Colleague: 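Pasting a structure here, questions to come.
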Number of protein chains: 2
Amino acid sequence: MPAGKKRTDWRRSPCPIACSLDIFGDRWTLLIVRDLMLGRTRFRDFSASPEGIPTNILADRLERLLQHNVVEQIPAADGTKRLAYRLTEKGNALRPVLKAMRDWGLAWDKSTRVMLSPKSV
Amino acid sequence: MPAGKKRTDWRRSPCPIACSLDIFGDRWTLLIVRDLMLGRTRFRDFSASPEGIPTNILADRLERLLQHNVVEQIPAADGTKRLAYRLTEKGNALRPVLKAMRDWGLAWDKSTRVMLSPKSV
DNA sequence: ATTATTACTTGTTAATTGCAAGTAAATTAG
DNA sequence: CTAATTTACTTGCAATTAACAAGTAATAAT
């Protein structure tokens with residue numbers, strides 16, 4: 001199977017948690033969503049995040065998020081012909097998930113800290 | 001590196017979300033946590049869940065959850081010498097994360113449905 | 001026109017996953 | 001008590017996925 005073309009037409013169970021995990025159950029996807037919530041919009045922005053996501057994984061995850069209508073492409077804000085990404089309504093609805101995870105991390109891992117900008121996750 | 005002994009002494013960033021994902025950022029771990037929240041306590045219970053987690057993955061994830069103090073072992077309730085698992089306070093604190101994920105799944109994937117028991121996630 | 005940046009893709013190696021089978025200890029059946 | 005069964009894993013292995021490095025085509029800047 002070609003890279004980034006993982007099948008999404010099959011589910012392990014009707015459980016909403018299991019189905020959610022089939023979309024973003026990995027170590028990278030929600031970091032991209034986090035970045036989008038922080039106002040980052042472009043490939044290079046996600047690539048520049050401190051966790052250092054490999055570019056092939058980033059491309060793969062963006063494709064998956066597009067296919068699941070969690071993100072969409074828009075013209076870049078700088079007037080160039082390049083594209084940017086933004087969260088759809090479905091993607092924005094992940095905010096409580098990210099918030100709960102952030103709260104849990106902050107509460108139970110004292111070495112973590114928020115390093116967040118305006119739109120606060 | 002031996003199975004189940006993934007290094008946990010290093011973090012990608014101080015972000016609480018990234019650190020949370022280093023613990024449960026995969027397709028299976030939160031399903032075990034879900035099962036624990038539903039009152040399931042033993043290896044065979046997790047193994048019997050509809051998603052069908054492979055036993056080697058299950059053993060690996062339980063070990064990881066133990067090391068991160070998300071779950072702990074207790075004597076089995078049936079009086080035998082076998083062990084069971086239960087969530088620690090830290091593990092129980094994941095309830096809002098699971099709830100947010102369940103709500104999101106239910107809201108945006110119409111083919112999902114809750115199939116939950118008493119303690120409702 | 002030349003150089004640099006962007007947004008990826010490709011190749012290669014390392015690690016992880018999933019399936020099947022195996023195992024040792026504990027429990028149950030006879 | 002002995003034998004069969006169940007439990008809670010472990011092991012082997014093929015297949016998938018991840019990580020790192022390098023490459024590339026299309027803009028964009030100088």
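No hydrogens, no waters, no symmetry mates; every other heavy atom, side chains included, goes into these values. Everything quoted here is computed from the prediction, not taken from an experiment. Letters A, B, ... mirror the listed sequences (proteins, then strands); counts begin at 1.
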Colleague: OP1 or OP2 of D/dT17 less than 4.0 angstrom from a side-chain nitrogen or oxygen of B/R27, does that happen here?
Modeller: no
Colleague: Which residues satisfy the salt bridge (Lys or Arg N to Asp or Glu O under 4.0 Å) test with A/D26, sequence neighbours excluded?
Modeller: A/R61, A/R64
Colleague: Please report, rounded to the nearest Å, how far the P atom of C/dC8 is from the CD1 atom of A/I32.
Modeller: 12 Å
Colleague: Looking only at side-chain atoms of A/R42, point me to the closest of D/dC9, C/dA7, D/dA18.
Modeller: C/dA7
Colleague: What pairs of nitrogen or oxygen atoms, one from the protein and one from nucleotides 12-14 of chain D, lie under 3.5 Å apart?
Modeller:
none

Colleague: Which residues within residues 45-53 of chain B lie with some heavy atom under 4.0 Å of an atom in DNA chain D?
Modeller: none
Colleague: Grab the CG-P distance between A/L31 and D/dA19 for me, whole Å please.
Modeller: 11 Å
Colleague: Kindly state each residue pair satisfying ring-ring contact (aromatic ring centres under 6.0 Å, His included) with at least one member in residues 31-52 of chain A, sequence neighbours excluded.
Modeller: none
Colleague: Should A/R44 be listed as having a side-chain N or O under 4.0 Å from OP1 or OP2 of C/dT5?
Modeller: no
Colleague: Partners of A/T41 by side-chain contact (heavy atoms from CB on, under 4.5 Å), sequence neighbours excluded?
Modeller: A/D45, A/A84
Colleague: Residues in side-chain contact (heavy atoms from CB on, under 4.5 Å) with B/P54, at least two apart?
Modeller: B/W28, B/N56, B/I57
Colleague: Tell me whether the OP1 or OP2 atom of C/dT17 has a side-chain N or O from B/W28 closer than 4.0 Å.
Modeller: no
Colleague: Please give, in whole Å, the distance from D/dT16 P to A/D22 CG?
Modeller: 17 Å
Colleague: Sequence neighbours left out, what pairs pass salt bridge (charged side-chain N to carboxylate O under 4.0 Å, His left out) with at least one residue falling in residues 70-81 of chain B?
Modeller: B/R42-B/D78, B/E72-B/R86
Colleague: Are any of the side-chain nitrogens in A/R11 or A/D22 under 4.0 Å away from the carboxylate oxygens of its partner?
Modeller: no
Colleague: Side chain of A/F43 only, heavy atoms from C-beta on: which candidate in C/dA7, D/dA8, D/dA22 is closest?
Modeller: C/dA7
Colleague: Run the side-chain contact (heavy atoms from CB on, under 4.5 Å) test against A/P14 and tell me which residues pass, sequence neighbours left out.
Modeller: B/R113, B/M115
Colleague: Mind jotting down which residue pairs meet the salt bridge (charged side-chain N to carboxylate O under 4.0 Å, His left out) criterion with at least one end in residues 46-59 of chain A? Sequence neighbours excluded, please.
Modeller: A/R34-A/E51
Colleague: Under the ring-ring contact (aromatic ring centres under 6.0 Å, His included) test, which residues partner B/Y85, sequence neighbours left out?
Modeller: none
Colleague: Test of understanding: with side-chain contact (heavy atoms from CB on, under 4.5 Å), list the residues that count as partners of B/P96, not counting sequence neighbours.
Modeller: A/A100
Colleague: Sub-3.5 Å donor-acceptor pair from the side chain of B/S13 to the main-chain atoms of A/P50, do we have one?
Modeller: no
Colleague: Please list, by residue number, the residues of residues 75-82 of chain A whose heavy atoms come closer than 4.0 Å to an atom of DNA chain D; answer none if no residue qualifies.
Modeller: A/T80, A/K81, A/R82
Colleague: Starting at CZ of B/R64 and ending at P of C/dT16, how long is that distance when rounded to a whole Å?
Modeller: 9 Å
